[in-house]
Amino acid sequence: MLAGSPDVLTPAEIKAGLKTSLIGKNIHYFKETESTNIVAREMAGSVEEGAVVIAEAQTGGRGRLGRKWLSPEGGIWLSVVLKPRMQPLHAPRLTLLAGVAVAKTIRSYGLPAKIKWPNDVLINGKKVCGILTEIGAELDAIQYVVVGMGIDANVDMETFPGDIRDSSTSLKNELGNDINRVEFVQRLLLELEVLYLKFQKEGFSSIMEEWRIMSATIGEWVKITTQARSMYGEAIGVDSEGALILETSDGKLEKIVAGNCEHLRRAHGS
Ligand code: ATP
């Protein structure tokens, strides 16, 4: 890091060199907050699309189903407010889109990032990013979507408790050195914007195609747990909405829209 350019994610640092025209025009910065998603949801009604909430640390970071998301200093904890014209049922598309944006950004550092269905980005099987999408909607119209991304950037893995340390990694851990987090955020916001505008102009299929190419789940033997049941099978694909297609051990095809996914082993030994 150059003297005089401390590694802080302040709006001034991020905006200097940010190449977007929508995402990140307004950035709300916190040294510490409970959760950037909570702040973003609170302000969603009064800010323009593309507003970003970013924090150096979160005291109450959350994953899906209220799970705890560790968010120490050194990571990148940010949420983006979007206001797409689409039906609430299509909101999961934005989770997949964000996964593609994060994975592409990590790949630009030469790391083999892949996406675990539906919402984790992995490096060599270890989680480096979680994505939490929350919506505000009225009947069949979306008012806002908050896409939260938590990236273990310059996180020291020793600070994580044992079980999470075993299943996760950080960019610093993979690269052997700190990354410039400001540059990472600039690249990520640009990837997000490019994909989001493409999605609005051309539809979702090309985004889904990029997702498939970077998928860690397709071809895996998986255990799926939904609210109703558990299933085992081979993840053979995703449909145009991002639902996982599972071929169960008795040869049936199942479509899973939402659930927990555990990778068990490679189905074809590759
Ligand atoms: P799983 O990781 O079991 O597939 P999930 O993807 O549904 O679950 P999320 O809700 O996205 O999980 O994230 C919460 C889980 O991620 C926590 O239960 C914990 O195991 C793990 N975790 C928490 N904080 C971090 C972090 N900073 N980096 C990586 N993993 C974390």
Side-chain angles (χ1 to χ4, degrees), residues 9 32-38 54-79 91-92 94-103 105-106 111 113-135 146-175 178-179 181 184 188 211 214-218 220-227 230-232 235 238 242-244 246 256-265:
L9 300 174
E32 185 177 278
T33 189
E34 182 184 354
S35 146
T36 59
N37 261 35
I38 291 178
I54 193 158
E56 301 286 356
Q58 299 184 117
T59 54
R62 289 167 303 132
R64 291 188 304 160
L65 306 168
R67 293 185 187 119
K68 215 169 137 58
W69 184 260
L70 302 174
S71 318
E73 271 185 39
I76 295 170
W77 322 115
L78 72 82
S79 301
L94 293 170
T95 303
L96 300 170
L97 186 151
V100 172
V102 173
T105 305
I106 294 176
L111 294 169
K114 291 194 171 189
I115 310 168
K116 175 171 170 262
W117 184 88
N119 69 332
D120 294 337
V121 179
L122 312 180
I123 300 175
N124 297 323
K126 294 191 165 194
K127 183 145 131 187
V128 69
C129 163
I131 296 165
L132 181 66
T133 304
E134 298 182 286
I135 67 168
V146 167
V147 183
M149 285 157 277
I151 300 132
D152 298 313
N154 296 338
V155 168
D156 286 317
M157 301 316 297
E158 306 81 64
T159 62
F160 279 3
D163 52 335
I164 299 181
R165 198 187 315 144
D166 291 345
S167 62
S168 61
T169 189
S170 65
L171 299 178
K172 176 181 182 169
N173 190 45
E174 296 296 322
L175 290 167
D178 278 341
I179 62 150
R181 292 183 310 148
F184 187 96
L188 173 60
W211 191 96
M214 293 194 282
S215 167
T217 301
I218 296 172
E220 288 278 327
W221 192 254
V222 296
K223 177 184 180 187
I224 300 292
T225 312
T226 67
Q227 273 177 341
S230 292
M231 282 168 277
Y232 289 88
V238 279
L244 191 69
L246 188 73
I256 297 110
V257 176
N260 246 348
C261 171
E262 191 184 331
H263 290 179
L264 301 173
R265 62 168 173 77

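Note that the structure is a prediction, hence the values are computed from the model and not measured. Side chains included, hydrogens not; waters and symmetry mates left out as well; all remaining heavy atoms used. Numbering of ligands and ligand atoms starts at 1, following listing order. Throughout, residue positions are numbered sequentially from 1 according to the sequence presented.
For ligand 1, the atoms sitting less than 4.0 Å from at least one non-hydrogen atom of Asp120 are 2 (O), 4 (O), 6 (O), 11 (O), numbered in the order shown with element in parentheses. Proximity to Lys116 (heavy-atom distance under 4.0 Å) selects the following atoms of ligand 1: 4 (O). Near Asn119, with a cut-off below 4.0 Å to any heavy atom, the atoms of ligand 1 are 6 (O), 11 (O). Residue Asn260 has at least one heavy-atom neighbour below 4.0 Å for each of these atoms of ligand 1: 7 (O). Listed by number with element, the atoms of ligand 1 under 4.0 angstrom from any heavy atom of Lys68 are 14 (C), 17 (C), 23 (C).
Proximity of a side-chain donor or acceptor of Asn119 to a complementary backbone N or O of Ile131 within less than 3.5 Å is detected. Looking at Ser170, its side chain does come within 3.5 Å of a backbone N or O of Asn173 through a donor-acceptor pair. Counting only distance, with no hydrogens or angles, the side chain of Asn37 and the backbone of Thr133 share no donor-acceptor pair below 3.5 Å. Judged purely by atom type and a 3.5 angstrom limit, Ser215 has no side-chain atom pairing as donor or acceptor with the backbone of Trp211. In terms of modelled atom types and a separation under 3.5 Å, the side chain of Glu56 and the main chain of Leu9 share a donor-acceptor contact. When atom types are taken as modelled, the side chain of Trp77 and the backbone of Pro72 share a donor-acceptor pair closer than 3.5 angstrom.
Only the side chain of Arg67 comes within contact range of ligand 1, with a heavy atom under 4.0 Å; no backbone atom does.
Here the side chains of Lys126 and Met157 are not in contact, with every heavy-atom distance at 4.5 Å or above. Residues His263 and Thr217 meet the side-chain proximity criterion, which asks for heavy atoms closer than 4.5 Å.
For atom 12 (O) of ligand 1, the closest non-hydrogen atom on the protein side is Lys127 NZ, 3.2 Å. Looking only at heavy atoms of the protein, atom 28 (N) of ligand 1 is closest to Asp152 OD2, 2.6 Å. Closest to atom 20 (O) of ligand 1, if we only count protein heavy atoms, is Ile164 CG1, 4.0 Å. When only non-hydrogen protein atoms are considered, atom 24 (N) of ligand 1 lies nearest to Leu70 N, 2.9 Å. Closest protein heavy atom to atom 10 (O) of ligand 1: Arg64 N, 2.5 Å. Of the protein's non-hydrogen atoms, the one nearest atom 31 (C) of ligand 1 is Trp69 CZ3, 3.4 Å.
Ligand 1 has no N or O atom lying under 3.5 Å from any N or O atom of Ser71, backbone or side chain.
The closest approach between a heavy atom of Ser168 and any atom of ligand 1 is below 4.0 Å.
Across Val238 and Gly242, no two heavy atoms sit closer than the pair CG1-O, 3.9 Å.
Separation of atoms CG (Asp152) and CD (Glu174) is listed at 10.5 Å; rounding is to 0.5 Å.
Remark: atom 6 (O) of ligand 1 lies closer than 4.0 Å to at least one protein heavy atom.
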